[in-house]
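Some notes on the structure that comes next.
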Amino acid sequence: MKISDNIIEKHGLKKDEFQKISKLLNREPNLLELGVFSAMWNEHCSYKSSKLHLKKLPTKNEYVIQGPGENAGVIDIGDNDAIVFKIESHNHPSFIEPYQGAATGVGGILRDVFTMGARPIALLNSLHFGDITNKKTKSLLNGVVSGIGGYGNCIGIPTVGGETKFHKSYNENILVNAMAVGHADKRKIFYSKARGVNKSVVYVGSKTGRDGIHGASMASAEFDEKSEEKKPTVQVGDPFTEKLLLEACLELMKDDSIISIQDMGAAGLTSSSVEMAFKGGLGMELDLEKVPCREKNMTPYEMMLSESQERMLIILNDGKEANAKKIFDKWDLDFVVIGKTTNTNKLTLKYNDKVEADIPIEALSSKAPIYDRKWKKTKKQNKKRDLIKTINLSFRDAIFKILKSPNQSNKSWVTKQYDQLVMNDTLLRSGSDSAIVRIHNKEKAIALTVDSSANYCNSYPLTGGKQIVCESWRNLISVGAKPISITNCLNFGNPENPEIMGQLVETIDGMREACEYLNFPVVSGNVSLYNGTNKKNIFPTPVIGGVGLIENLNKISDHKFKKTGSKILVIGKTFGHLDQTVFSNEILSLKNGPPPEINLINEKNNGEIIYDFIKKNLVNAVHDVSSGGIILALLEMSMHSGIGAKIAKPKHSLNQFEYFFGEDQGRYIIEIDEQNLNKVEELLEKSSIHYDKIGHTQIDEFQIEKDFREKIIDLNKLNNKWYNNY
Amino acid sequence: MRSTVIVFPGSNCDRDIAVALKKLQFKNEMVWHKDSELPKSDLIVIPGGFSYGDYLRSGAIAAKSTILKEVIKSAERGCLILGVCNGFQILIETGLLKGALLRNKNLKFINDDVYLKVNNKNRFCKKYSNNQIIKLNIAHNEGNYFTSSDHVKNMQDQELIAFQYSNNKGDVNEDYNPNGSMANIAGILNEKKNILGMMPHPERMTDKLIVNEDGLGLFSSILN
Amino acid sequence: MKVAVTITLKKDVLDPQGKVVLHTLQNMGMKTLSNIRQGKYFEIEIEETNQEIVKKDVDSMCKKLLANLIIEDYKIDII
Amino acid sequence: MKVAVTITLKKDVLDPQGKVVLHTLQNMGMKTLSNIRQGKYFEIEIEETNQEIVKKDVDSMCKKLLANLIIEDYKIDII
Ligand SMILES: Nc1ncnc2c1ncn2[C@@H]1O[C@H](COP(=O)(O)OP(=O)(O)O)[C@@H](O)[C@H]1O
Ligand SMILES: [Mg+2]
C-alpha cells in the first residue's frame, strides 16, 4: 500500500517528518510502520516541543532516587521506604466521554506507579471545567467526578485531594489531571530498562481490543469540528481487572522473576516495547498472532496501536515463566509470552512468521524529532491604579458573593463521591491544605497536594510558574510536612503558536527558579499540548503535585480552628495586591493586571518558621493564604471547624478590601494559645518576619470589625449552596 | 477468639478489617474466595470492597463463590458472621439477611462520616449503651436498604435493627438519611442474631488519628 | 442461538435510578413523560439450537444469577 | 403509551460487566454459553397517543440523556 499525503496527515505527521522517517528506514514505511512511527513521534510520547525546555528543571536533591524519565519519580523517605508518584493528563478523552475518560486516566496513572513496584496509597486530581453557563459543563462535571470516583473507589485506593475549577477558557477543552502516589521498598524498585538477549517478553492483563486506536495521536491533536468522528477511540476502563493486575504484579515482584516491566499506556504495545528495548540498548521481536485479542480478525496495525487498558509488558528472567504464569492464572488474567529481546536494536513485528515491520529502535526514540519552536515573551501588564474606587458592592456583599461563587464553593459535593478513607491511613482528607497519608504500620506519613493558578500564569507565566511551585510548598508546610519534591502536568495550548510556546517556556523558567531556590525538585511529570479548539487556546495551566514528609505523627497541623479565645496572626506582609485575584475577577470583573509577585526569600523564611512552630507544638491551626486572600482563609478556618473569630484589620494599614482580599504571596494564618504568644512573637522578631495580630477565636460567629457579623452555620449554608443547586 | 476474613479478588477493606481485629487480639486468618474450607473460627467477616467489580448487582457474584457455601453452613451452625458494606450486600444476596440494597437515592457514591443510633441488644453491640450515638464512615454506591414495611415492623419488634442513621442527638429522620434507606436502616441482624450486616465501616474508626475509635466497641463486643 | 433477557424491578420496589432519570428528563422539558422504570438487559449467545433447551438454560441463569427474584422480574426472548 | 428502550454497548467496546457475568455463569456450569453483553433497559410511560410524536420524543430522550452515543446504541419499541 502506497502511503498517500492524506494517510500521513491522518497519522498526525507532517510531510517533512514523513521524509525523515523514510530516510531513517532507507525506504518508505508500510502502513503498520507508519502507525508505529506516528504513535512514537507524536507530542505525547516524544515530547518534541517541550523536551529542550524541560531539561532546565532541577531534578535532584538528597531525597531523589529516580527523577523524570521513568514511569514515575521515586524519593527516599528513610527506613528503606520509597514514595513513587506522578501526575498525568487525560484531557481530550475526558472531554469526549467524561466518565470513561476520567476513569481510564486514573487507571493509567495507577499503572505508572505500580509498574515500579509500589503499592498505590493515594490518588489526587486537578479538574478544570468550562464556564458554568456553558451547556456542556454540568454533564462533564458529573461524568468526570463519577468516573474518577468509580475507578479509584472500586480498586480501593483513597482519593485524598485535588482541585475543581471553572473558567471559560476550558469550554471546549477541559483538563483532567490525575496523580497517583505509591509506597515501595527502596531496595525493590522496578524499572523499564530491558537487560539480556533472548529473554521472554510477556504480555499480561486484559485482552487487546479496538479501543483507543490512535488515542495517543488524538491526545495531542487540536480539536476541530471533525473531532466528533474521532469519538469511537475512547477506551473503557475496568477497575476490577486493574485491581487483579495490581495484586498479580505485586505478587510477582516479590521474588527476582522480573528483569523489567512497563505498563501499556498511551500507544500501548508500541511504546512499551520500544521504551524497554531502547533503554536497554536492545532489540525486540514480537509474534503478534500470540497477542490475546478480544475481537476476531484484529490486524497487527490494530494490535500495535490499541490502547486497551489494564495491560503490562514484562521481561522475565530465564526459567521464571511457569511460576509467573501460575500467579496470573490465580488472578484470572491473560499471560502469554509474545516475543523475546534481541541484539538487533530493532523492533521486529511478525505475524504468523511473516515480518510485518522492522524498524531501528533509535529511529523511534532518540532520533524522533525535537523542535526548538519559536517563542515570544509575555509582556507583564501594568498594575491597575485605585482598583477599589470601582467597587460598587459593600464589604459584606463581596464576601457573600465570593462564598457563593462556583470556584470558591465548598467542594464536598465532589469529594464525597470519592472513598477517602479506604486503606485506613488517611489522617487528613480533602478540604485541607494538603492531605496526610500515613505509611502503613509506621509512625510517619506523607503530605500531598495538587495546585494550579491559571489566571496568574496567563497574565504573566514567569511569575505564575514560580507562584505555583511556592503554593505547593506552602500547602505542604501548612500541615507540618517537610516539602520534598514535585511532579507536574503542563497543560498548554498549541505550541506552534509562538505566544503559547512562550507561555510554556516562561512557565518552566519560573518553576525552575522556585524549585531551585526551595530545593524542591521535579521528579516526574507530563506535558499536554494542543489544548484548545480552532485556535482558541486554554489558559496556560501548569498543575503541581507536591509531596512532603512527616516524620512524627504528633507534629502535624490542619487549618481548622481548635478552640475559642486563642489568638489569630497573619504571618508575612500584606501589600493588598488585587490584580488577577478572586476579588478582581468575581467582584470587579477585571481580567487584566499582573499577578502578585513572588519573593522567594520571604517565601522560604516564612515557611520555615511555620514549620518550626508546628514542630514545637506552638500552633493550634495553620492555613496558607491563597486565592481569596486573608478573608477566605479565615472563613475556611471557621466554617470547617464551626468556631468563630473576631477580626480587626491592623491600624494604619491598607484599605479594608485590599487588606482582606489581596493575594500577596508567602503568607499564613495561625491560631495560637494566648500563653504561646510571647514565644511566637519573639521567634518571629528574631527572624525579622512581618506579622499582624488580627484577632481571636470565639464561639459560632464570624465577625470583622463593624462591617461583618454572621453565624458560622449560615456561612456554611451559603458556601455549600452552589454545587447542590447546579 | 478466632476470626476469619474472606477475601474476594476485588475486596479492598480486607486489610483494614484485619488490622482492627489484630488490634483486639483476635487470632485472624485470611481466606481466599476460591478455597473450599474454612478454618475453625468464632467470627467470619466479609469485608467491604467491590468483590467482583460490583458488576451485575453488588455482591451477587460473590454470593455464588465456593467459600460462601461454607460461610452459609457456618452461619447455620450459629457462628458469628459480620458483613460490612460489600459484605452486607453479599449477605443479602445469599439470603442470609433479608431485603435488598438499592442504589443510593442520589445515585452517587457517598463517602462521609455519619452518626448512628445503636441498638445494643445483640452480640455485636453490647459494649455500646442502648441508643448510644456513634460516628462511623460510610462509602458505598448501593446502601439504600429496601424491604417490605411488614418486615421493617418485624425487625423493630424483635430488635433486629442494630444501627440507624441519625444526627448527633439521636434524631432519626429523613434529614439524616444519607442514602434513602427505609427507616434509616444502616445495619440489621438475622432472627437468630448471629449475623450482622451493616453499610458503615466500623474498622475505619478504630484509630484516634483517624477521627475516632467508635468502631472498637463493635469488635470488643464480639470478643466477649 | 441469541437470547435477550430483560430484568425489571418488581412493581412495588423503589427504583431510585428511574426516579432520578424521570425528574431529569422532566426538567429538560419532556412534559408528557409520566413514568420511567430502569432495568437491565442481557444479550446472550448460546451454542445450542434447540429452543426448548435454550429457554430452560437461560431460565436457570436468570434464577441462579442474573435476577434477584426478591426484587426483580425477568423476561426471556429468543432473537 | 408505553415504550421500551434498550441500550447496548457498541460492538467493539469493552463490556467489563458482561465479561464477569459470562465467566461466573461458565464457572457455574453453563457450558454452551459463548457470550454475554450487558445493557440497560428503560420502560417509559408517556401521556400521548400519537405514535410518531412518542417515537420522536423518546428518540430525543435517548440522544440527550439515556444513551451515550459514543459507546452505546439504542433501540426503541412501543409496547
Ligand atoms: N477534584 C477534587 N478531588 C479531591 N479533592 C478536591 C477536589 N476539588 C477540591 N478538592 C478539595 O477541596 C479543597 C478546597 O479546594 P480549593 O478551594 O481548590 O483549595 P485551595 O485553594 O486551598 O487549594 C482542597 O483541599 C481539595 O483537597
Ligand atoms: Mg491551600
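A, B, ... follow the sequence lines: proteins, then strands. Residue 1 opens every chain. A quick note: this is a predicted structure, and the numbers were derived from the prediction, not measured.
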Hey, does Leu25(D) have a side-chain heavy atom less than 4.5 Å from the side chain of Leu66(C)? yes
Sort Met28(D) into side chain, backbone, both or neither according to what part of it lies under 4.5 angstrom from a heavy atom of chain C. side chain
So, applying side chain to side chain contact (heavy atoms under 4.5 Å, CB included) with Leu33(D), which one of Asp57(C), Val58(C), Ile46(C) is it? Ile46(C)
Residue part contacting chain D, namely of [X], when any heavy atom lies under 4.5 Å:
{"X": "Lys31(C)", "value": "neither"}
{"X": "Ser34(C)", "value": "both"}
{"X": "Met30(C)", "value": "side chain"}

Please determine whether the number of non-hydrogen atoms from other residues, nucleotides or ligands lying under 6.0 Å from atom NZ of Lys10(C) exceeds 12. yes
Counting neighbours of CD on Glu47(C) that are heavy atoms of other residues, nucleotides or ligands and sit closer than 6.0 Å, is the number greater than 12? no
Measure the CD1-CD distance between Ile44(C) and Gln38(D) for me, rounded to the nearest 0.5 Å. 10.0 Å
Could you tell me the separation between the OG1 atom of Thr24(D) and the NZ atom of Lys64(C), rounded to the nearest 0.5 Å? 13.5 Å
For each of Lys2(D), Glu48(D), Met1(D), Met61(D), tally heavy-atom pairs with chain C at distances under 4.5 Å, and name the one with the top tally. Met61(D)
